[in-house]
Trainee: 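Structure incoming, see below.
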Amino acid sequence: MAQAQKITPRAKDYSEWYNDVIMQAELADYSPVRGCMVIRPHGYRLWELMQRALDDMFKATGHQNAYFPLFIPMSFLAKEAEHVEGFAKEVALVTHTRLKATGKAGAQAVMVDPESALDEPLVVRPTSETIIYAMFAKWVQSYRDLPLLMNQWCNIVRWELRTRLFLRTTEFLWQEGHTAHATEPEAEAEARQMLGVYRTFQEEWMAMPVITGKKTESEKFAGALRTYALEALMQDNKALQAGTSHNLGQNFAKAFNVQYQTAAGGLEYVWNTSWGVTTRMIGGLVMTHSDDNGLVCPPKLAPVQVAIVPIWKSEEEKGRVLEVGEGVKQELARAGVRVELDARENLKPGAKYFEWEAKGVPLRLEIGPRDVAAGQVMAARRTGGKAPARLPGIAGSVTAALDQIQAALFRSAKDRREAHSIRGASKPQFIEFMKGPGGFAYGGFCGSGACEAEIKQETAATVRVLPDPEFRSPDQPKTCMWCGKPSVAEAVWAQAY
RNA sequence: CGGGGCGUAGCGCAGUCCGGUAGCGCGUCUGGUUUGGGACCAGAAGGUCCCGGGUUCAAAUCCCGGCGCCCCGACCA
């Protein structure tokens, strides 16, 4: 019996399962370059759909796209003290501009031309605050130029010691928003607004429940005044930071001299924000919904939403079945559904089912001679369940099913998260929870970095966020879950990616 | 950067201990028969056994030295 590669079950080895799901869904592949992956067409289509939804939301909130250089003069990075310290350990540098032929064979055929050394090395952007604010300084003159609301879609390089497909790679794709405002409250409102945009996207498109909130001092972005983040709980009960939004204050404005003339004629530094989400979200999507049969993709982002699998025995049946299949395909396409008719002749229907399941297709329509005779198709949901659907009005029942699947995925992910969240635990209970099943632990926090470090040391858990009001427990803790001193804020703790 | 595992056909692996013509399954190609949950028969193609040295009549196998990948930890989106 022909058997495609099996996916390692989650219960056996979660990491292997994650890799298997990605490889068999053909989202990505390992590349010859250490720490770098190739995003394959199916994975890139998913990213494109994510981009489109997010970009529409950025535009709707007044942002414009632009593109800034990949290379940043090393001295730029040095201009903001905290920032450079945060990235110093993981930047790639361009130091030379030429190779030269040696006349030797093989790997020795070329060498770096020592004559081509740059006077000042260029940093391959690990993030673009410095180069963007250097430009903002040029563009901002008066309060009439503000706010300046920009975004860029690009790649980023951070030299990571240990990499994982989508979750942490040396090069990755992201979007970075950068804005300049006249006042601190405006910048704060922007940072909060974009956090909300991300939340909407992740909940409504990715069907991934998130907790929003503020990062502690130790977890905030290097160079920011405040960092806000979204945290999701994966199926192994580890937290994934799914996006960040920073109020940068005037730190970069001062470093790059981004000033404006006020209506009253004074000169002030602008207030900046930056915010970003990355291809890491694809890893989050995989680990939120997928199962031991492969990828489960929320319909709104599924590269293929419906796969039609025709079934026939004779040539005559094949003709009838394909004709109906083609008709259904056209009707669904007209209704805006991303649909594939799988008419391959070298695979039996069962093999096609497995393939589309591994690729995360939410809905499969099976059309055989019996269905054609009955004027129906069999609709099988990726999340389970198979039922006939009448051919007349098929587009309506398909889109309704996709909507139901989308909603059900969010609901079950949220239920799972809540089932793995604890509130009001004592210190021993907290330790037991983190060493055992793990998940989100809500508890009082004294605000001290020492407490945070001790907890990390003993349990590997960190403060993911100090949650926003809508995510806080009904009964706010009075004391620090760890040291017993008065609590300054409720915190959500978890082991994290 | 430490610990563990691994590197043999496109993919998954056996062979390595104990040196002796490089194999199996899947996939691929050709032809035929098939098709309601991973089809079958017949034929065929496909290999620097990770790389470099060494030992030997002879190395995938033994010795020395590299490189790479995956997993776990430390550091980070």
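Note that the structure is predicted; figures quoted are calculated from it, not measured. Lettering of chains follows the sequences in order, A, B, ..., and the numbering in each one begins at 1.
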Trainee: For B:U61 versus B:A22, give the span between their P atoms, rounded off to a whole number of Å.
Mentor: 13 Å
Trainee: Measure CZ/A:Phe354 against C1'/B:U35 and give the value in whole Å, please.
Mentor: 15 Å
Trainee: A:Phe58 and A:Trp275: aromatic ring centres closer than 6.0 Å?
Mentor: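 Yes - the distance between ring centres of A:Phe58 and A:Trp275 falls below the 6.0 Å cut-off.
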Trainee: Mind calculating the distance between CD (A:Gln241) and C1' (B:C76) to the nearest angstrom?
Mentor: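 In whole Å, B:C76 C1' lies 10 Å from A:Gln241 CD.
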Trainee: Partner lookup for B:G73, please. Criteria are Watson-Crick or G-U wobble with both distances under 3.5 angstrom; report none if nothing qualifies.
Mentor: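 B:C1 - that is the nucleotide pairing with B:G73, both distances being under 3.5 Å.
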Trainee: Write down the partner of B:C40 under the Watson-Crick or G-U wobble criteria, each distance required to be under 3.5 Å.
Mentor: B:G32
Trainee: Quickly work out the A:Leu347 CG to B:U28 C1' distance and round it to whole Å.
Mentor: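 My rounded result for the distance is 13 Å.
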Trainee: Which residue lies toward the 5' end of RNA chain B, A:Arg344 or A:Glu219, if each is placed at its nearest nucleotide?
Mentor: A:Arg344
Trainee: Taking the minimum atom-to-atom distance to the side chain of A:Asp371, which one of B:U28, B:A77, B:G36 wins?
Mentor: B:G36
Trainee: Are A:Lys348 and B:G36 close enough that a side-chain N or O sits under 4.0 Å from OP1 or OP2?
Mentor: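 A:Lys348 to B:G36 OP1/OP2: side-chain N or O found under 4.0 Å.
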Trainee: Hey, is A:Glu203 close enough to A:Lys414 for a salt bridge, meaning N to O under 4.0 Å?
Mentor: no
Trainee: Any idea how A:Tyr442 and A:Phe440 line up, ring-wise: parallel (<30°), tilted (30 to 60°), or perpendicular (>60°)?
Mentor: perpendicular
Trainee: Ignoring the backbone of A:Glu357, work out which of B:A77, B:G36, B:G37 is nearest its side chain.
Mentor: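 Nearest nucleotide to the side chain: B:G37.
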Trainee: Taking CD from A:Glu16 and C1' from B:G5, how many angstroms apart are they, rounded to a whole number?
Mentor: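 Roughly 10 Å, once rounded to whole Å.
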Trainee: With rounding to the closest Å, how many angstrom separate the C1' atoms on B:C11 and B:U33?
Mentor: 27 Å
Trainee: Looking at B:C75, B:G36, B:G37, which one has an atom nearest to any side-chain atom of A:Arg370?
Mentor: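 Ranking B:C75, B:G36, B:G37 by closest atom to the A:Arg370 side chain puts B:G36 first.
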Trainee: In terms of side-chain heavy atoms of A:Glu90, which of B:C76, B:C70, B:C1 is nearest?
Mentor: B:C76
Trainee: Among B:C70, B:A39, B:U35, find the nucleotide with the atom closest to the side chain of A:Lys313.
Mentor: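 Closest of the options to the side chain of A:Lys313: B:U35.
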Trainee: Could you give the distance separating B:C13 and B:C6 at their P atoms, to the nearest angstrom?
Mentor: 11 Å
Trainee: Ignoring hydrogens and geometry beyond distance, is a side-chain donor-acceptor pair present between A:Tyr353 and A:Asn293 at under 3.5 Å?
Mentor: no
Trainee: Whole angstroms only, please: what is the CZ-P distance between A:Arg164 and B:A74?
Mentor: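 Rounded to whole Å, this separation is 14 Å.
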Trainee: Starting at CD of A:Glu345 and ending at P of B:U33, how long is that distance when rounded to a whole Å?
Mentor: 13 Å
Trainee: Check every atom of B:C1, B:C76, B:A77 against the side chain of A:Arg168 and return the nucleotide holding the closest atom.
Mentor: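 That would be B:C76.
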Trainee: Quickly work out the A:Phe221 CZ to B:A77 C1' distance and round it to whole Å.
Mentor: 10 Å
Trainee: Does A:Asn19 place a side-chain N or O at less than 4.0 Å from the phosphate oxygens OP1/OP2 of B:C70?
Mentor: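 No, A:Asn19 has no side-chain N/O under 4.0 Å of OP1/OP2 on B:C70.
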Trainee: What's the gap between B:C57 and B:G19 when it is taken at their P atoms, as a whole Å value?
Mentor: 15 Å
Trainee: Considering only B:U35, B:G36, B:C76, which nucleotide approaches the side chain of A:Trp312 most closely?
Mentor: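 Closest nucleotide among those given: B:U35.
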Trainee: Kindly assign one of parallel, tilted or perpendicular to the pair A:Phe252 and A:Phe256, based on the angle between their ring planes and the thresholds 30° and 60°.
Mentor: parallel
Trainee: For the rings on A:Phe136 and A:Tyr133, is their centre-to-centre separation under 6.0 Å?
Mentor: yes
Trainee: Across the strands shown, which category fits A:Leu240 at heavy-atom distances under 4.0 angstrom: base, sugar-phosphate, nothing?
Mentor: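 If one applies the 4.0 Å heavy-atom cut-off, A:Leu240 turns out to touch nothing in the nucleic acid.
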Trainee: State yes or no: are the ring centers of A:Trp493 and A:Phe445 separated by less than 6.0 Å?
Mentor: yes
Trainee: Report the nucleotide, chosen from B:U28, B:A77, B:G68, that has the shortest atom-to-atom distance to any side-chain atom of A:Arg34.
Mentor: B:G68
Trainee: Quick one: which of B:C71, B:A77, B:G37 gets closest to the side chain of A:Lys386?
Mentor: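 Ranking B:C71, B:A77, B:G37 by closest atom to the A:Lys386 side chain puts B:G37 first.
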Trainee: A:Lys89 has a side chain; which of B:C75, B:U28, B:G36 sits nearest to it?
Mentor: B:C75
Trainee: What does B:G46 pair with, Watson-Crick or G-U, if both distances are under 3.5 Å?
Mentor: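 Across all strands, not a single nucleotide pairs with B:G46.
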Trainee: Without decimals, in angstroms, what is the distance between A:Glu160 CD and B:A74 C1'?
Mentor: 13 Å
Trainee: Take atom C1' in B:C29 and the same atom in B:A45, then report the distance between them in whole Å.
Mentor: 7 Å
